[in-house]
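Let me begin by presenting the structure, written as structure tokens, before commenting on it.
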Number of protein chains: 2
Amino acid sequence: MTTTVAQQRLLDAAVEAFAEQGYHGTTTRDIASRAQRSPAAVYIHHESKEDLLFAVSLRGHQEALAVLESAFGSTDDPTERLQRMVYEFSLWHLRNAQVGRVVQYELRALRGDHREAVINLRHRFEELMVQALRSGERSGAFAQLDVGAAGRALLSLGIDLVRWFEAAPGRDAEAVARANVDFAMRIVRP
Amino acid sequence: MTTTVAQQRLLDAAVEAFAEQGYHGTTTRDIASRAQRSPAAVYIHHESKEDLLFAVSLRGHQEALAVLESAFGSTDDPTERLQRMVYEFSLWHLRNAQVGRVVQYELRALRGDHREAVINLRHRFEELMVQALRSGERSGAFAQLDVGAAGRALLSLGIDLVRWFEAAPGRDAEAVARANVDFAMRIVRP
DNA sequence: GTCTATAGCGGGATAGAC
DNA sequence: GTCTATCCCGCTATAGAC
């Protein structure tokens with residue numbers, strides 16, 4: 001199950017096009033042309049345009065989730081853990097703003113099973129944040145919080161980066177991620 | 001310049017359709033049908049589909065901006081002021097999640113002058129937040145912050161509500177807005 | 001100001017050669 | 001696996017009657 005060059009080019013082209021123009025604003029001809037392939041080439045590896053979006057969206061969700069899971073599991077110290085989670089989650093959205101925009105903005109375009117599969121993955125992001133916040137509460141490192149609301153707020157700080165970061169040239173991604181860590185710590189401190 | 005019933009119905013229908021399906025995913029036939037009009041009726045009050053999006057987007061931006069300006073001007077006390085700004089800005093996005101989603105997600109679909117006009121309005125949101133944060137810094141009510149980054153973070157807390165709130169039935173809008181005020185105060189406190 | 005009817009074209013997807 | 005050529009549907013927008 002290796003990914004061929006042609007497959008990868010099509011996926012990359014789709015990410016670029018969907019991020020710039022949205023799913024419905026993108027033609028399969030445009031994707032093919034960005035990948036330097038014929039219009040028919042899109043259908044060699046994907047059943048339909050929607051199927052291609054699913055491939056992009058699923059990979060994006062899995063990648064972002066892997067980053068968050070890895071940060072979650074990297075230490076037992078609640079403060080260190082939450083800092084790493086916010087930092088890595090934010091940085092992923094900064095460094096992968098195009099995929100991130102497709103992941104966040106094009107959910108509606110997914111049909112039936114595809115949408116369900118992705119929504120199921122999305123629950124996991126909140127769960128991880130809530131767990132991280134609870135462990136800090138218990139240890140006394142964090143204040144008593146509405147962990148659901150606080151978890152969503154911390155995710156929002158990361159997710160909403162895809163809205164503006166790409167259009168703000170010259171801004172340093174690491175610095176933005178560190179700022180989010182700072183804000184997160186301020187939110188949870190007792 | 002009164003808005004006729006037919007005009008309002010078309011605008012409402014457009015908001016609903018664009019929010020659910022996105023601009024490019026919506027047909028003018030769908031908008032007409034939701035407004036219980038013929039497909040041609042869309043073109044009586046608007047030159048094109050894009051022109052209709054512009055009408056929706058411009059009104060939405062103006063409304064949200066009016067809410068933020070009003071909160072900004074409602075008091076001189078920095079803490080009270082920032083609380084009102086975050087509360088009202090969050091509440092507007094919660095109570096107008098459909099318009100809010102069009103405003104936030106469909107910017108790309110606006111062409112030329114239309115996009116520029118809206119982007120100009122958007123700068124004002126950040127400016128207001130930065131001003132509010134600066135005055136709190138000066139008075140000693142707030143910590144020394146990167147006011148640009150903090151302003152964007154506070155806006156993110158409000159804006160990202162349109163992504164998930166509508167799909168979370170039974171959740172109380174005022175409570176969510178109050179939670180955002182709480183997080184904002186935690187971020188800025190010395 | 002609203003309708004019915006339709007022009008005209010762009011886009012998703014496929015056929016069939018190589 | 002990739003191409004060229006094309007089907008055919010559905011969409012934006014308009015014409016013209018009322």
Side-chain angles (χ1 to χ4, degrees), chain A residues 1-58 102 105-115, chain B residues 1-58 102 105-115:
Chain A
M1 250 323 269
T2 49
T3 310
T4 67
V5 175
Q7 271 178 316
Q8 194 56 50
R9 287 182 81 123
L10 279 168
L11 282 173
D12 291 346
V15 166
E16 218 181 84
F18 291 157
E20 283 176 19
Q21 302 156 342
Y23 172 76
H24 289 295
T26 297
T27 66
T28 55
R29 281 169 170 81
D30 182 29
I31 294 170
S33 149
R34 286 177 196 248
Q36 290 174 290
R37 289 290 184 282
S38 77
V42 172
Y43 297 89
I44 295 166
H45 300 291
H46 301 278
E47 287 196 349
S48 65
K49 182 184 166 189
E50 193 270 346
D51 194 59
L52 181 54
L53 172 64
F54 178 57
V56 170
S57 183
L58 185 64
V102 177
Y105 289 13
E106 305 302 336
L107 231 176
R108 292 175 299 197
L110 291 172
R111 303 287 106 205
D113 288 355
H114 289 169
R115 192 192 299 203
Chain B
M1 251 321 272
T2 49
T3 310
T4 67
V5 175
Q7 272 178 315
Q8 193 55 52
R9 287 182 79 125
L10 279 167
L11 281 173
D12 291 346
V15 167
E16 217 181 86
F18 290 157
E20 284 175 18
Q21 301 155 344
Y23 172 76
H24 290 295
T26 297
T27 66
T28 54
R29 284 171 166 86
D30 182 28
I31 294 170
S33 148
R34 285 177 197 249
Q36 290 174 289
R37 290 289 184 283
S38 77
V42 171
Y43 296 89
I44 295 166
H45 300 291
H46 301 278
E47 285 197 350
S48 65
K49 182 184 164 188
E50 192 269 347
D51 193 60
L52 181 53
L53 172 64
F54 178 57
V56 169
S57 184
L58 186 63
V102 177
Y105 289 13
E106 304 302 335
L107 232 176
R108 293 175 299 196
L110 291 172
R111 301 290 106 206
D113 288 355
H114 289 168
R115 194 193 299 204

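Chain letters run A, B, ... following the sequence lines, proteins first and then strands; every chain starts at 1.
- You'll find that the side chain of B/Ala40 is closest to D/dT14, out of D/dC11, D/dC3, D/dT14.
- With distances taken from any side-chain atom of A/Ile44 to the nucleotides D/dT4, C/dC3, D/dG1, the minimum falls on D/dG1.
- Annotation for A/Val15 and A/Val102: closest pair O-CG2, 3.9 Å, computed over non-hydrogen atoms.
- What separates CG of A/Asp51 from C1' of C/dA13 is a distance of 13 Å, to the nearest Å.
- Expressed to the nearest 0.5 Å, how far OG1 of B/Thr3 lies from NE2 of B/His45 amounts to 10.0 Å.
- Position along DNA chain D of the nearest nucleotide to A/Ala6 versus B/Ser48 favours A/Ala6 as the more 5'-ward residue.
- One atom, CD of A/Gln21, and another, C1' of C/dG11, lie 14 Å apart when rounded to the nearest Å.
- In this entry the distance linking CD of B/Gln8 with C1' of C/dG1 reads 17 Å, nearest Å.
- Residue-level contact check: B/Ser38 touches the bases, meaning some heavy atom is under 4.0 Å from a base atom.
- For the pair A/Thr28 and C/dG12, the criterion of a side-chain N or O lying under 4.0 Å from OP1 or OP2 is met.
- Ranked by how close their nearest DNA chain D nucleotide is to the 5' end, A/Arg29 and A/Arg37 are led by A/Arg37.
- For the pair B/Lys49 and B/Glu106, the salt-bridge criterion is not met [side-chain N within less than 4.0 Å of a carboxylate O].
- Using a 30° and 60° split on the angle between ring planes, B/Tyr23 and B/Phe18 fall in the tilted class, from 30° to 60°.
- Annotation: of the two residues near DNA chain C, A/Thr26 and B/His45, the 5′-most nearest-nucleotide partner is B/His45.
- Rounded to whole Å, atom C1' of D/dC7 lies 13 Å from atom OH of A/Tyr43.
- To the nearest angstrom, C1' of C/dT14 lies 17 Å from NE2 of A/His46.
- Rounding to whole angstrom units, CD of residue A/Gln7 and C1' of D/dG1 are separated by 11 Å.
- For the pairing with B/Gln8, the side chain to side chain contact (heavy atoms under 4.5 Å, CB included) check across B/Asp12, B/Leu10, B/Thr4 returns one residue only, B/Asp12.
- For the pair A/His24 NE2 and D/dC11 C1', the computed distance is 14 Å after rounding to whole Å.
- Following rounding to the nearest Å, B/Lys49 (NZ) and C/dG10 (P) show an atom-to-atom distance of 15 Å.
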